[in-house]
J.: 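I'd like to ask you about the structure that follows.
Naming: A, B, ... by sequence-line order, numbering from 1 per chain. Note that the structure is a prediction, hence the values are computed from the model and not measured. Every heavy atom of this structure was used, including side-chain atoms; hydrogens, water molecules and symmetry mates were not.
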There are 2 protein chains.
Amino acid sequence: MKKLVEIKARCGGAVAVAAGQSITIVNTHGGQVADMWAFRRDDPAEHMSMPHSMVSIDRIKPAIGSVLVSNLRQPILRLTADTSPGVHCMLFAACDQARYRSLGCTGPHDNCADNLRAAVAALAIPLPYIPTPLNLFMNTKFDERGVMRIDPPEAKPGSSVSFEALHDCIVALSACPQDLVPVNGHGCTPTSISYYLS
Amino acid sequence: MKKLVEIKARCGGAVAVAAGQSITIVNTHGGQVADMWAFRRDDPAEHMSMPHSMVSIDRIKPAIGSVLVSNLRQPILRLTADTSPGVHCMLFAACDQARYRSLGCTGPHDNCADNLRAAVAALAIPLPYIPTPLNLFMNTKFDERGVMRIDPPEAKPGSSVSFEALHDCIVALSACPQDLVPVNGHGCTPTSISYYLS
């Protein structure tokens, strides 16, 4: 029986996923963005990279079958199933303190970059920088002039995305704590997400 | 009188640009992609960052007036003039040996990542990773499903783009040596570019 692990609203987590194993991320309540990273377990300086993956898959939105690659252009995860409308974002830097300051926050704010740092702190994963995450369920749209619009996610409660690990990986996730701009649904209310291995 | 500096086909270069000064990159022969990076002179670990800039400008194609920001979300360059059709790419990782291997090259191939390394080698700029460049004149297009197409640049001979430095910077450039896929025009023939300060 699959063991569903909850990542609480505004929080992060990390899990080892063996080569051949799958991880499924569930949008428990719908409308929630989940930032996702993957690091090779044998050499965590090698990580899933969006700027390299976009070149490799010739897409800015991954589709079922898309093989995401590392900063060394090696296959790392394959998107194998998606019960959401398939709208994810490969472009956005993870939110961080500087992002919330630019949105007017004067004090600390939970953020995906710090959630990643905390999630991998005990795992000897070097983070000289925060790789651009795969922003699962994030609903960014573009017009023909390149102007971007962010709408709340189209993912419904229970929508999920599955990835097969192509190497032994550490997968990190953050339930995006964005509550100032409509990255998340429910009137910008961050909620929990879940994942399971299979 | 402005001093035009040539960057030979397939090569790179770097130059200090003082705050308030401008750098203009000229597509000498038209049809050539120029990868561009900027590093803060006082702390080169802070560099122009495309994933942060896209969030900041709400665009995936910079426009006149766009302020590009650093990995710390601080303004670093402002696009002030553009005599090309304004088609640039903020998404693609710089080409590197791994990219050319994936395209079938068995031996070494000139590449923008190594051009950056060589250009800044003497400048004490740390490169724990290659930041995603602003791919000037690179003609990437997307359909509504996120599928990407790369066409040869629309830039004509003499087309140019100008940036005002908002900090003392080191700007690095690479005349992209891609000759296998139509990133560059003239039947995938890499050519020189030029720049001048003003």
J.: How about K141(A): does its NZ atom have over 12 heavy atoms from other parts shown lying under 6.0 Å from it?
T.: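 Counting neighbours around NZ of K141(A), more than 12 heavy atoms of other residues, nucleotides or ligands fall under 6.0 Å, so yes.
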J.: Quick one: which residues of residues 58-72 of chain B reach chain A at under 4.5 angstrom, heavy atoms only?
T.: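 Interface residues of residues 58-72 of chain B: D58(B), R59(B), I60(B), K61(B), L72(B).
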J.: Heavy atoms only: give me the nearest A34(A)-I25(A) pair and the separation to one decimal.
T.: CB-CG2, 4.3 Å
J.: For a side chain to side chain contact (heavy atoms under 4.5 Å, CB included) check, start with the C-alpha distance between V26(A) and L4(A), then their side-chain angles and the critical distance, and finish with the verdict.
T.: CA-CA 9 Å; V26(A) 183; L4(A) 204 60; 4.2 Å; yes
J.: Name, in order of residue number, those residues of residues 159-192 of chain B that have a heavy atom at a distance of less than 4.5 Å from a heavy atom in chain A; otherwise write 'none'.
T.: none
J.: Let me have the donor-acceptor pairs involving side chains of residues 124-131 of chain B, under 3.5 Å, with sequence neighbours excluded, atom names and distances please.
T.:
unit_1	atom_1	unit_2	atom_2	d
Y129(B)	OH	H47(B)	NE2	2.6

J.: Hey, quick one: are L77(A) and L136(A) part of the same hydrophobic cluster, counting side-chain heavy atoms closer than 4.5 Å, chains of contacts allowed?
T.: yes
J.: Is it possible for you to say whether M138(B) and M54(A) belong to one hydrophobic cluster, with membership spreading through side-chain heavy-atom contacts below 4.5 Å?
T.: yes
J.: Same cluster or not: are V17(B) and V5(B) linked, directly or through other Ile, Leu, Val, Met, Phe, Trp or Tyr residues, by side-chain heavy atoms under 4.5 angstrom apart?
T.: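 Yes, it is one cluster - the side chains of V17(B) and V5(B) are joined through contacts under 4.5 Å.
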J.: Kindly work out whether a path of hydrophobic side-chain contacts (I/L/V/M/F/W/Y, heavy atoms less than 4.5 Å apart) joins F39(A) to I23(A).
T.: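 No, it is not one cluster - the side chains of F39(A) and I23(A) are not joined through contacts under 4.5 Å.
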J.: Quick one: of T140(B), V55(B), V147(B), D143(B), who has the most non-hydrogen atom pairs under 4.5 Å with chain A?
T.: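 Highest number of pairs under 4.5 Å: V55(B).
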J.: Under 4.5 Å, heavy atom to heavy atom, which residues of residues 79-112 of chain A contact chain B?
T.: L91(A), F92(A), A93(A), A94(A), C95(A), D96(A), A98(A), R99(A)
J.: Select, from R73(B), M50(B), R149(B), M148(B), the one with the greatest count of heavy-atom pairs under 4.5 Å involving chain A.
T.: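 It is R73(B).
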J.: For side chain to side chain contact (heavy atoms under 4.5 Å, CB included), just list the numbers for K2(A) and T24(A), CA-CA rounded to whole Å, side-chain angles, deciding distance to a tenth of an Å, and then say yes or no.
T.: CA-CA 10 Å; K2(A) 64 195 184 196; T24(A) 297; over 6 Å; no
J.: Please round to the nearest 0.5 Å and tell me the distance separating atom CD of Q32(A) and atom CD1 of I193(A).
T.: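 Spacing of CD (Q32(A)) from CD1 (I193(A)) equals 7.0 Å.
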